[in-house]
Peer 1: 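To start, I am sharing the structure in question, which I have written as structure tokens.
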Amino acid sequence: MEKRGRLIVISGFSGAGKGTVVKGLCEKYDYALSISATTRNPRPGEEDGREYYFKTVDEFKNLIDYNGLIEWAQYVDNYYGTPRKFVEDCIQQGKDVILEIEVQGAMNIKSQYPDAIMIFITTKDADTLKNRLTGRGSETEDVIAKRLHRAFEESSIIDNYEYIVVNDDLNTCIDTVNSVILGEKCKRENNADFIEEIRKELEKF
Ligand code: ADP
Ligand code: 5GP
């Protein structure tokens with residue numbers, strides 16, 4: 001089957017549960033997870049190098065200048081970006097790698113890697129989104145309001161994603177995302193080399 005790793009882009013409204021879903025997906029299934037750089041402050045319990053590489057604005061700009069990021073974007077009041085080397089190494093080594101990133105970065109990735117699998121995670125309705133974002137307790141009311149407004153803006157970009165997955169029951173969502181990825185990888189057009197190889201092998205009969 002496919003030998004190069006695939007990029008799997010997971011986006012969704014803030015508070016939809018992307019981080020929770022991606023964590024579960026990587027624990028249960030064999031995916032590599034790209035750790036982003038960000039200028040936002042760590043939330044309680046977050047560790048540098050585990051959830052994010054936490055950077056100052058100067059350090060982040062330096063990463064951009066040295067071409068160290070394959071994409072970056074400004075989200076609400078901070079910068080976020082995907083380190084280049086880890087992702088390129090995964091692709092080369094045939095490992096599928098998950099990027100949990102917002103919509104502008106996602107569109108940038110799609111233009112560089114047209115075969116990236118684009119998945120959008122959402123809650124079943126807007127009120128559940130607000131409740132989860134508030135319930136997380138990690139942002140001030142002002143930031144929550146900005147993130148909800150951003151969700152409204154992002155809702156017009158959903159059309160650019162190939163798959164929409166509702167995060168209602170967490171385990172169902174994790175398994176559905178995995179199924180979407182498996183289905184995409186089984187597509188005939190993604191297995192041209194394999195088909196060619198098995199055709200050649202069968203010549204011996
Ligand atoms: P995001 O990464 O999309 O901003 P998080 O993963 O931080 O969202 O989740 C936001 C909040 O919702 C967290 O408190 C998390 O525990 C909770 N959450 C995530 N998925 C579910 C779910 N399926 N059911 C109920 N609560 C959830
Ligand atoms: P949070 O502050 O909640 O961790 O993340 C805010 C938003 O930034 C989320 O939508 C998250 O997906 C996005 N994000 C995280 N890392 C990256 C990244 O490397 N690049 C881009 N473009 N967005 C990111």
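Residue numbers count from 1 along this sequence. Atoms within each ligand, like the ligands themselves, are counted from 1 in listed order.
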Peer 1: Can you pull out the closest protein heavy atom to atom 5 (O) of ligand 2? Residue, atom name and distance to 0.1 Å, please.
Peer 2: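 Its nearest protein heavy-atom neighbour is Tyr52 OH, 3.3 Å.
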
Peer 1: With heavy atoms only and a cut-off of under 4.0 Å, state how Tyr80 meets ligand 2: side chain, backbone, both or neither.
Peer 2: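 It is both parts that get close, each with some atom under 4.0 Å.
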
Peer 1: Could you identify the single nearest non-hydrogen protein atom to atom 7 (O) of ligand 1 and state the distance to 0.1 Å?
Peer 2: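 Looking only at protein heavy atoms, the one closest to atom 7 (O) of ligand 1 is Arg136 NH1, 2.8 Å.
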
Peer 1: Which word best sums up how the rings of Tyr79 and Trp72 line up, parallel for under 30°, tilted for 30 to 60°, or perpendicular for over 60°?
Peer 2: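 Aromatic pair Tyr79/Trp72 classed perpendicular.
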
Peer 1: Any salt bridge linking Glu51 with Arg43? Criterion: basic side-chain nitrogen under 4.0 Å from a carboxylate oxygen.
Peer 2: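 Looking at Glu51 and Arg43, the cut-off is not met.
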
Peer 1: Taking everything shown except Lys28 itself, do over 12 heavy atoms lie less than 6.0 Å from its NZ?
Peer 2: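 Count over threshold, so yes.
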
Peer 1: Please identify which atoms of ligand 2 are closer than 4.0 Å to at least one heavy atom of Ala73.
Peer 2: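 Counting atoms of ligand 2 from 1, those under 4.0 Å from Ala73 are 22 (N).
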
Peer 1: Under 4.0 angstrom from ligand 2, any heavy atom of Phe13?
Peer 2: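 Contact check Phe13 vs ligand 2: negative.
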
Peer 1: With a heavy-atom distance limit of 4.0 Å, tell me whether Arg43 approaches ligand 2 through its side chain, its backbone, both, or neither.
Peer 2: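 Side chain only; the backbone of Arg43 stays clear of ligand 2.
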
Peer 1: Please tell me whether Thr39 and Asn78 have a donor and an acceptor in their side chains that are separated by less than 3.5 angstrom.
Peer 2: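 Indeed, the side chains of Thr39 and Asn78 share at least one donor-acceptor pair under 3.5 Å.
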
Peer 1: Could you list which atoms of ligand 2 come closer than 4.0 Å to a heavy atom of Ser36?
Peer 2: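 Here the atoms of ligand 2 in question are 16 (N), 17 (C), 18 (C), 19 (O).
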
Peer 1: Quick one: do Lys23 and Glu27 make a salt bridge, cutoff under 4.0 Å?
Peer 2: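 A salt bridge is present here (some side-chain N lies under 4.0 Å from a carboxylate O).
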
Peer 1: Report the nearest protein non-hydrogen atom to atom 16 (O) of ligand 1: residue, atom name, distance rounded to 0.1 Å.
Peer 2: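 It is Thr20 OG1, 4.2 Å.
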
Peer 1: Write out the residue and atom name of the closest protein heavy atom to atom 20 (N) of ligand 2, then the distance separating them to 0.1 Å.
Peer 2: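 Protein heavy atom with the smallest distance to atom 20 (N) of ligand 2: Glu71 OE2, 2.7 Å.
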
Peer 1: Below 4.0 angstrom, N of the basic side chain to O of the carboxylate: do Lys85 and Asp89 qualify?
Peer 2: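 Here Lys85 pairs with Asp89 in a salt bridge, since their nearest N and O are under 4.0 Å apart.
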
Peer 1: Decide, yes or no, whether a salt bridge links Asp77 with Arg40 under the criterion of side-chain N to carboxylate O below 4.0 Å.
Peer 2: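 A salt bridge is absent here (no side-chain N lies under 4.0 Å from a carboxylate O).
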
Peer 1: For atom 2 (O) of ligand 1, which candidate among Gly17, Gly19, Gly12 provides the closest heavy atom?
Peer 2: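 Comparing heavy atoms across Gly17, Gly19, Gly12, the nearest one to atom 2 (O) of ligand 1 lies in Gly19.
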
Peer 1: May I ask which of Thr122, Asn131, Asn167 has a heavy atom nearer to atom 20 (N) of ligand 1 than the others do?
Peer 2: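 The residue whose heavy atom sits nearest atom 20 (N) of ligand 1 is Asn167.
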
Peer 1: Would you mind checking if Glu203 and Arg199 are paired as a salt bridge, meaning a charged N to carboxylate O distance below 4.0 Å?
Peer 2: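 Salt bridge absent between Arg199 and Glu203.
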
Peer 1: Is it the side chain (CB and beyond), the backbone, both or neither of Glu51 that lies under 4.0 Å from ligand 2, heavy atoms counted?
Peer 2: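 It is neither part, as no heavy atom is under 4.0 Å.
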
Peer 1: Mark up the atoms of ligand 2 that fall under 4.0 Å of a heavy atom belonging to Tyr75, in ascending order.
Peer 2: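 Near Tyr75, meaning under 4.0 Å from one of its heavy atoms, ligand 2 has 6 (C), 7 (C).
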
Peer 1: In this structure, are over 12 heavy atoms from other groups packed under 6.0 Å from Arg188 atom CZ?
Peer 2: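 Count not over threshold, so no.
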
Peer 1: Going by the atom numbers of ligand 1, which of them fall below 4.0 Å from some non-hydrogen atom of Leu170?
Peer 2: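 Listed by number with element: 23 (N).
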
Peer 1: For atom 13 (C) of ligand 2, which of Glu46, Glu102, Glu139 has the closest heavy atom?
Peer 2: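 Checking each option, the heavy atom nearest atom 13 (C) of ligand 2 is found in Glu102.
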
Peer 1: Is it the case that over 12 heavy atoms from other parts of the model lie below 6.0 angstrom from the CD atom of Glu201?
Peer 2: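 For Glu201, atom CD is crowded (more than 12 foreign heavy atoms under 6.0 Å).
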
Peer 1: Would you say Gly15 touches ligand 1, if touching means a heavy atom closer than 4.0 Å?
Peer 2: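 Right, Gly15 reaches ligand 1.
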
Peer 1: If the contact criterion is a heavy-atom separation under 4.0 Å, does Gln104 count as touching ligand 2?
Peer 2: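 Checking ligand 2 against Gln104, which is what was asked, there is no heavy-atom contact under 4.0 Å.
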
Peer 1: Contact between Ile8 and Leu99 at the side-chain level, heavy atoms closer than 4.5 Å - yes or no?
Peer 2: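 Not in contact.
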
Peer 1: Answer with yes or no whether the side chains of Tyr161 and Ser11 bring together a donor and an acceptor at under 3.5 Å.
Peer 2: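 Judged by distance alone, the side chains do pair up.
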
Peer 1: Heavy-atom distances under 4.0 Å are what count here, so tell me which part of Met107 touches ligand 2: side chain, backbone, both or neither.
Peer 2: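 Answer for Met107: neither.
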
Peer 1: Going by the atom numbers of ligand 1, which of them fall below 4.0 Å from some non-hydrogen atom of Ala16?
Peer 2: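 Near Ala16, the atoms of ligand 1 are 3 (O).
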
Peer 1: Distance to 0.1 Å, residue and atom name: give those for the protein heavy atom nearest to atom 17 (C) of ligand 1.
Peer 2: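 The closest heavy atom on the protein side is Arg132 CD, 4.1 Å.
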
Peer 1: So, regarding Asp169 and ligand 1 (criterion: nitrogen or oxygen to nitrogen or oxygen, under 3.5 Å), is there a contact or not?
Peer 2: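 Between Asp169 and ligand 1 (N or O atoms, distance only) the closest approach is not under 3.5 Å.
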
Peer 1: Hey, which of Asn167, Thr172, Asn171 is the one that makes side chain to side chain donor-acceptor pair (under 3.5 Å) with Asp169?
Peer 2: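 Of Asn167, Thr172, Asn171, side chain to side chain donor-acceptor pair (under 3.5 Å) with Asp169 is met by Thr172 alone.
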
Peer 1: Tell me the protein heavy atom at minimum distance from atom 9 (C) of ligand 2, and give that distance in Å.
Peer 2: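 Protein heavy atom at minimum distance: Lys18 CE, 4.0 Å.
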
Peer 1: Of all the atoms in ligand 1, which lie at a distance below 4.0 Å from a heavy atom belonging to Phe13?
Peer 2: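 Once the distances to Phe13 are compared, the set is 3 (O).
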
Peer 1: Against heavy atoms of Gly81, which atoms of ligand 2 measure under 4.0 Å?
Peer 2: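 Those of ligand 2 that fall under 4.0 Å from Gly81 are 18 (C), 19 (O), 20 (N).
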
Peer 1: If the threshold is 4.0 Å, N to carboxylate O, is there a salt bridge linking Lys110 and Glu71?
Peer 2: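 Salt bridge flag = no for Glu71 with Lys110.
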
Peer 1: Does the distance from a Lys or Arg side-chain N to an Asp or Glu carboxylate O, for Lys146 and Glu139, drop under 4.0 Å?
Peer 2: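 No.
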
Peer 1: Which bit of Arg40 gets closer than 4.0 Å to ligand 2, counting heavy atoms only: side chain, backbone, both or neither?
Peer 2: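 For Arg40, only side-chain atoms sit under 4.0 Å from ligand 2.
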
Peer 1: Enumerate the atoms of ligand 1 whose separation from the nearest heavy atom of Asp168 is less than 4.0 angstrom.
Peer 2: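 Ligand 1 atoms under the 4.0 Å threshold to Asp168: 22 (C), 23 (N), 24 (N).
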
Peer 1: N/O to N/O below 3.5 Å, does that happen between Gly12 and ligand 2?
Peer 2: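 For ligand 2, there is no N or O atom that lies under 3.5 Å from one belonging to Gly12.
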
Peer 1: What's the verdict on ring-ring contact (aromatic ring centres under 6.0 Å, His included) for Phe152 and Phe13, showing C-alpha distance, side-chain angles and the deciding distance?
Peer 2: CA-CA 9 Å; Phe152 167 68; Phe13 308 125; 10.0 Å; no

Peer 1: Hey, is CD on Gln112 packed in by over 12 heavy atoms from elsewhere, all under 6.0 Å?
Peer 2: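 Atom CD in Gln112 is packed in, count exceeds 12.
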
Peer 1: Which atoms of ligand 2 have any heavy atom of Gly105 under 4.0 Å away?
Peer 2: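 In order of numbering, the contacting atoms are 22 (N).
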
Peer 1: For atom 11 (C) of ligand 2, which protein heavy atom lies nearest, and how many Å away is it?
Peer 2: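 Going by distance alone, atom 11 (C) of ligand 2 is nearest to Glu100 OE2, 3.5 Å.
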
